[in-house]
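Here is the structure we will look at, set down as structure tokens.
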Amino acid sequence: MEKRVMTDSKRRKGLMAASALLGGVLVLTACNDNGASAEGSKKSQAAEVDKAAAQDASEAQITIAPKNGATNASINNDTKVTVTKGTLSQVAMTTSAGATVKGTLAADGKSWKPDVQLERSTTYKINAAAKDSKGREAHENSSFTTVSPANSFIGNFTPEDGSTVGVGMPVSINFNKPITDKKAVQDAITVSSSSGQEVVGHWFNSQRLDLRPEQYWQGGSTVTLKLALDGVEGADGVFGVQQKTVTFKVGRNQVSTVDANTKMMTVTQNGKTIKTIPISSGSSANPTYNGQMVISEKFKETRMNGATVGFTDSDGKGEYDIKDVPHAMRLSTSGTFIHGNYWGARSVFGSANTSHGCVGLADVKGANDANQPAAWFYNNSLVGDVVIVKNSPDRTITPDNGLNGWNMSWAEWTAGSQA
């Protein structure tokens, strides 16, 4: 039997290999132990930090509106900073350009609002701080951008706030962009009267909404218009920005009736005749519209050029161009006026219809004689007074030609409402 003998050289090699193998195991084991220990240490440290932070954190909770990153934000009422479980200690609001926006902190320290309406298409930044009952501070910040002109609409309205108008004056609102969600917009608009009369709106087109009662306003009443359009989406991606209340007074009930056949005008106040005035209305070639018309503008003197309303000579110039028509009051958008006439013979008033469609009253050049019939009528008329024309060979004026919705029946009027 062969006897194997291990030499010193082989023994040393075996020991070295065993040591290397064992060392490798030990190294690997040592690496794993160190990693677990480090990870556990980090978790422990994080927990301690969270614990310490929780112990020192303020209970005050700040809320800023609009939310951070908001776009198309309202320029009116949306911006506000509030706090619970504490009081606000500081609020700073600036534009992205660094301009300061002043605001007011509520007496109880629980809320803050800007003092002014914001600008459209502007980015604002708000930084707020608050303290809880232990004096610990909390901080919050926000940045938002207000709605742009391209993404907003406004309504230009008549009559003006604080004005006194005649009994026929509707509330007429012309929007600067087409409205597709008419119901949403109309629901945000209310008109009420101290007389208690029901007021209904009528859409003439996508940009015009008029509101009125079934009968003329009661004389002496007060009418209130409220526009709560802020944030209302009138069309896809287009929002209202108005938040406004308007009031106006209704004066005495004055209605004037022009009879194109007798060529006389009868003026009544509160149902009683106070004046009868000879007139000259439209000629047979250019008759005056029939119907109920509302005075929408007054001019002591104004220029009237026939070319602006389609009356031109063969050379393209106006058939008439009078630069100083006295005591003129507009009855239609298309150019119907009731006005003074100094160029016609006195004999035509009450006896002949000679105009291009307007109603003329005797007057003098310069509009400086208060004793003239046209001057008296001008001085005793209000924007919103009603002038009715009857017995003219022309058709009835269309309701949207001026502020003349009274020429629609109540059923027709209410059919145009989207409320």
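Computation of the quantities below employed the complete heavy-atom set of this structure, encompassing side-chain atoms and omitting hydrogens, waters and symmetry-equivalent molecules. Model, not experiment: these values are computed from the prediction.
Relative ring orientation between F175 and W203 is described as parallel, the plane-to-plane angle staying below 30° on a 0-90° scale split at 30° and 60°. The aromatic rings of F299 and F337 lie tilted to each other, with the angle between the two planes from 30° to 60°.
Residue D236 places its CG atom among 12 or fewer non-hydrogen atoms of other residues, nucleotides or ligands, all under 6.0 Å distant. Within 6.0 Å of the NZ atom in K244, the count of heavy atoms belonging to other residues, nucleotides or ligands does not exceed 12. Residue K298 qualifies as enclosed at atom NZ: its count of foreign heavy atoms under 6.0 Å is above 12.
The CG atom of D210 sits 9.0 Å away from the CE atom of M169 when rounded to the nearest 0.5 Å. Separating the NE2 atom in H202 from the CZ atom in R208 is a distance of 9.0 Å, to the nearest 0.5 Å. Taking OH of Y378 as the reference point, atom CD1 of I295 lies at 10.0 Å (rounded to 0.5 Å). If you take CG on D400 and OG on S332, they are separated by 11.0 Å, rounding to the nearest 0.5 Å. Note that CG of N341 and SG of C358 are 10.0 Å apart. Values are rounded to the nearest 0.5 Å. Going from atom OG of S381 over to atom CH2 of W376 covers 7.0 Å, rounded to the nearest 0.5 Å.
Using a 4.5 Å heavy-atom threshold, the side chains of V294 and Y216 count as separate. No side-chain heavy atom of T146 sits under 4.5 Å from any side-chain heavy atom of E119. Side-chain contact between Q186 and I179 is absent, with no heavy-atom pair separated by less than 4.5 Å. Side-chain atoms of T79 and I126, non-hydrogen and from C-beta on, do get closer than 4.5 Å to each other. Between F144 and I64, the closest side-chain pair of non-hydrogen atoms is not below 4.5 Å. Under the 4.5 Å side-chain criterion, counting only non-hydrogen atoms from C-beta, K131 is in contact with E137. Side chains of H327 and Q372 form no contact here, defined as non-hydrogen atoms less than 4.5 Å apart. In this structure, the side chains of D259 and M264 stay at 4.5 Å or more apart for every pair of heavy atoms.
Side chains of N76 and Q117: a donor-acceptor N/O pair is present below 3.5 angstrom, by distance only. The closest side-chain donor-acceptor pair between T354 and S280 falls under 3.5 angstrom. Between the side chains of T396 and N290, not a single donor N or O lies within less than 3.5 Å of an accepting N or O. Under the 3.5 Å distance criterion, with hydrogens and angles disregarded, a donor-acceptor pair is assigned to the side chains of T145 and T123. Judged purely by distance below 3.5 Å, without hydrogens or angles, the side chains of N174 and N156 never pair a donor atom with an acceptor atom.
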Quick one, D78 with K67, criterion salt bridge (Lys or Arg N to Asp or Glu O under 4.0 Å). Give me CA distance, side-chain angles, the key distance, then yes/no.
CA-CA 10 Å; D78 282 2; K67 292 182 178 180; over 6 Å; no

For T224 and T247, run side chain to side chain donor-acceptor pair (under 3.5 Å): C-alpha distance rounded to whole Å, both residues' side-chain angles, the deciding distance at 0.1 Å, then the answer.
CA-CA 4 Å; T224 300; T247 61; 5.7 Å; no

R330 vs E297, test: salt bridge (Lys or Arg N to Asp or Glu O under 4.0 Å). Steps then yes/no.
CA-CA 5 Å; R330 181 183 291 277; E297 292 181 292; 2.8 Å; yes

Evaluate the side chain to side chain donor-acceptor pair (under 3.5 Å) criterion for residues S392 and D394: first the C-alpha distance (whole Å), next the side-chain angles of each, then the deciding distance (0.1 Å), finally the verdict.
CA-CA 5 Å; S392 173; D394 203 355; 5.7 Å; no

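Counting only distance, with no hydrogens or angles, the side chain of K85 and the backbone of Q61 share no donor-acceptor pair below 3.5 Å.
Of all the heavy atoms in R212 and G405, the pair that sits closest is NH2-O, 3.4 Å. S111 and D108 make their closest contact through N-OD1, 4.3 Å (heavy atoms, listed as atom of the first residue, atom of the second, distance). Closest approach of D187 to A419, counting heavy atoms only: OD1-CA, 3.8 Å.
Judged by a 6.0 Å distance limit and a 45° cone about the ring axis, K275 is not positioned over the six-membered ring of F377.
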